[in-house]
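Below you'll find the structure, written out as structure tokens, and then a few comments.
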Amino acid sequence: MRRSCVLRDSGPQKENFEIFGGQFQSDYKEPCPQCAAVNWGITDEGRFYCKACHNVIEKTQDVISDEFAHNTKIQSISRGLKRKRGLDKGWQWYVCEGFQFILLKQAEALLTLGICSRLKDEVLCNFWRRYLQKSKQAYSKTLAHTRSRECAISENSSNGSEWPTDLEDLILDAPSSFSETEEFNFAAHSRSISSDTDASDTTSVRSGSLDGMSYLRPGQKGELLMSMPMTLAFCYMALLWMREPVTLVDLLRFVAGGHVPYLHVFDQFPEEMKLFGPDIRIFQVQSLPSYNGVFEKTHALAAFLDLTCFPPITEKCFLHPNILCIKYLMEANLPDELHNWTARVVKKTELGDVAFLRFDPIAKKRMVRYEVQAAALIVVVLKLLFLLDDRYEWLLSSFVGKRNKKNKEDTPWFDFRKWYKVMKSALDEAQKKVEEERARYPWKSEMPLFYSKENKWVVCKRKQMLVSLQQQFGKLVGSLQAVKKQNPSSFQFNWDEENTDMNCFLGHSLEGVMQEKGKSFTTVNPRYWLGTVKLCKKK
């Protein structure tokens, strides 16, 4: 057996030590890095030192023997690099605890974006507790975990492994904060209860979580299981309750940009929370969530929780159509005067009514897609002014273009053709950047994932080969500068008057499409073209 030992003389036998060190002295013939001499000795600590200049190096004496010199004793053993002992099973945890950790990280990310702290400690925390109670995963005397493991608990009931009756009081007395201290209170209690059961041991072999296998089975009618898109539904529902200036489109854009954790968020799990087998199907994400998917899950979640009527959306709220129209008019680089027309349409159609905008899950009222509604209002106004039948807007643009060339000193009239060319170029460039970012998305997790213990070695070996290949190709390509992540913003385009690269139409006039009639202004175009009724001409 090969060991690195340090021998220390126990008495006056100095000779034995010198002989022991000298007989292996010829094995090491490297010159001294300080004086270039080849004359080595061994210190009491087992390191080589130069007898010429007394320089001590890091190399230690390797002894290949099971027998040691007489009258000597082992003072210490050189262990080399210490390896951290791996945890085979880790904690006993439930799937809901994993989603609780993810919700916590997403809430903290929203706070860094400027959202009020009440969203995490009050609103989102209470929504999550209510969900756990409704789904009977916590805050209930008959927990859903016990139903899935009824057989195992009945066998071990004589050992006292059943749930205590004071579980609800234990958790309900917890502080009203969605913080790190509360994060695994329920998990710690459940681990202390079922740590000695045989059923939990067998479940840990199949899955990292205790209920990973049963979580993937078809649920009962009316049961709403958690998923990764459901975490965003929780966040959007909390933002809607707080009436924060963040729409669902903004939230999904923050997720795609990596500002809100969603992709491979399980990499941030504590080391003791092992992800194994069915847990991978639950927490691993292979695509970005869709708008309709998260919207429908938010509506279903609010109905499942039996939430009361949400706070009203007044004219001062960001989600009111008048304010959202201002934002999207600036985003679309359209004239400011269009806001007067969108406000008139909102008033005429009563789309800004508080009763219409307010979300009431108990009354089974459908949620309003606030950003879609604001975009539709802008399209309706453009059709009122420019008809948009693929003929009238181009004839009008030719007339406006000639007028702007003759009157360069006056406020320019809005040229629809010129605006269309500028926006198409900007949108094509932005779409190209989005596609390039999607192509560089690291869909594979840095942490090796395996569904069974049989293929654990294969997965780890493939991951090691992949990392090695990436390093080799990185050396061939050269060091690339890391792309700096831009700070998130509600606006994707910067249409500034001082921006010379892009034409800004925010201050242009609508005189070319309006006419004065009495004491008010009306549109020059008297018609409204509806594409679903009459198709435009091929020309």
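Scope of the values below: all heavy atoms of this structure, side chains included, with no hydrogens, waters or symmetry mates. In this chain, numbering begins with 1 at the start of the sequence shown.
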*Quickly, which of Y392, W419, Y528, F414 forms a ring-ring contact (aromatic ring centres under 6.0 Å, His included) with F386? Name it, please.*
F414

*Residue that, paired with F283, satisfies ring-ring contact (aromatic ring centres under 6.0 Å, His included) out of Y262, F101, F269*: F269

Which pair of non-hydrogen atoms, one from [X] and one from [Y], has the smallest distance, and what is that distance?
{"X": "G212", "Y": "I282", "value": "O-CD1, 4.1 Å"}
{"X": "K327", "Y": "F491", "value": "O-CE2, 3.7 Å"}
{"X": "E371", "Y": "V249", "value": "OE2-N, 3.1 Å"}
{"X": "W495", "Y": "C504", "value": "O-SG, 3.6 Å"}
{"X": "L225", "Y": "M230", "value": "O-CE, 3.7 Å"}

*asked:* With no hydrogens and no angle check, just 3.5 Å: does a side-chain donor-acceptor pair link S209 and D279?
replied: yes

_T247 side chain to D250 side chain, donor-acceptor N/O pair below 3.5 angstrom_ = yes

Can you find a heavy atom in the side chain of [X] that is under 4.5 Å from one in the side chain of [Y]?
{"X": "Q137", "Y": "Y131", "result": "yes"}
{"X": "R358", "Y": "D353", "result": "no"}
{"X": "V400", "Y": "R417", "result": "no"}
{"X": "F505", "Y": "K418", "result": "yes"}

Sidechain-backbone polar pair: [X] side chain, [Y] backbone, donor-acceptor under 3.5 Å:
{"X": "R253", "Y": "P488", "answer": "no"}
{"X": "H264", "Y": "P442", "answer": "yes"}
{"X": "S468", "Y": "M465", "answer": "no"}
{"X": "D360", "Y": "F310", "answer": "no"}

Would you give the length of the straight line joining atom [atom1] of [X] to atom [atom2] of [Y], rounded to the nearest 0.5 angstrom?
{"X": "F318", "Y": "L239", "atom1": "CZ", "atom2": "CG", "answer": "11.5 Å"}
{"X": "L103", "Y": "C96", "atom1": "CG", "atom2": "SG", "answer": "11.0 Å"}
{"X": "L307", "Y": "R130", "atom1": "CG", "atom2": "CZ", "answer": "6.0 Å"}
{"X": "N503", "Y": "H508", "atom1": "CG", "atom2": "NE2", "answer": "7.5 Å"}
{"X": "R438", "Y": "S287", "atom1": "CZ", "atom2": "OG", "answer": "9.5 Å"}
{"X": "L506", "Y": "L334", "atom1": "CG", "atom2": "CG", "answer": "8.5 Å"}

Is it true that, when you exclude [X] itself, more than 12 heavy atoms of the residues, nucleotides or ligands shown sit nearer than 6.0 Å to its [atom1]?
{"X": "K365", "atom1": "NZ", "answer": "yes"}
{"X": "Y291", "atom1": "OH", "answer": "yes"}
{"X": "E350", "atom1": "CD", "answer": "no"}
{"X": "M367", "atom1": "CE", "answer": "yes"}

*Kindly indicate, with the supporting measurements, whether the criterion salt bridge (Lys or Arg N to Asp or Glu O under 4.0 Å) is fulfilled by D410 and R403.*
CA-CA 10 Å; D410 298 340; R403 184 266 171 194; 3.8 Å; yes

*Is any side-chain N of the basic residue among R440 and E435 closer than 4.0 Å to the acidic one's carboxylate O?*
no

_SB check K424 D428 (cutoff 4.0 Å)_ = yes

*Kindly write out the residues that satisfy salt bridge (Lys or Arg N to Asp or Glu O under 4.0 Å) with D415, not counting sequence neighbours, or none if the list is empty.*
none

*Taking the inter-plane angle between the rings of F127 and W241 on a 0 to 90° scale, is it parallel (under 30°), tilted (30 to 60°) or perpendicular (over 60°)?*
perpendicular

*Provide the full list of salt bridge (Lys or Arg N to Asp or Glu O under 4.0 Å) pairs with a residue in residues 303-313, sequence neighbours left out, each pair given once.*
K134-D306

*Which residues pass the side chain to side chain donor-acceptor pair (under 3.5 Å) test with R344, sequence neighbours left out?*
none

*Verdict with supporting geometry, R369 and E296, salt bridge (Lys or Arg N to Asp or Glu O under 4.0 Å)*: CA-CA 11 Å; R369 303 172 188 258; E296 295 297 334; 3.4 Å; yes

*Given the rule in the ring-ring contact (aromatic ring centres under 6.0 Å, His included) test, do F359 and H299 qualify, once you have shown the distances and angles that lead to the verdict?*
CA-CA 10 Å; F359 178 45; H299 188 274; 5.7 Å; yes

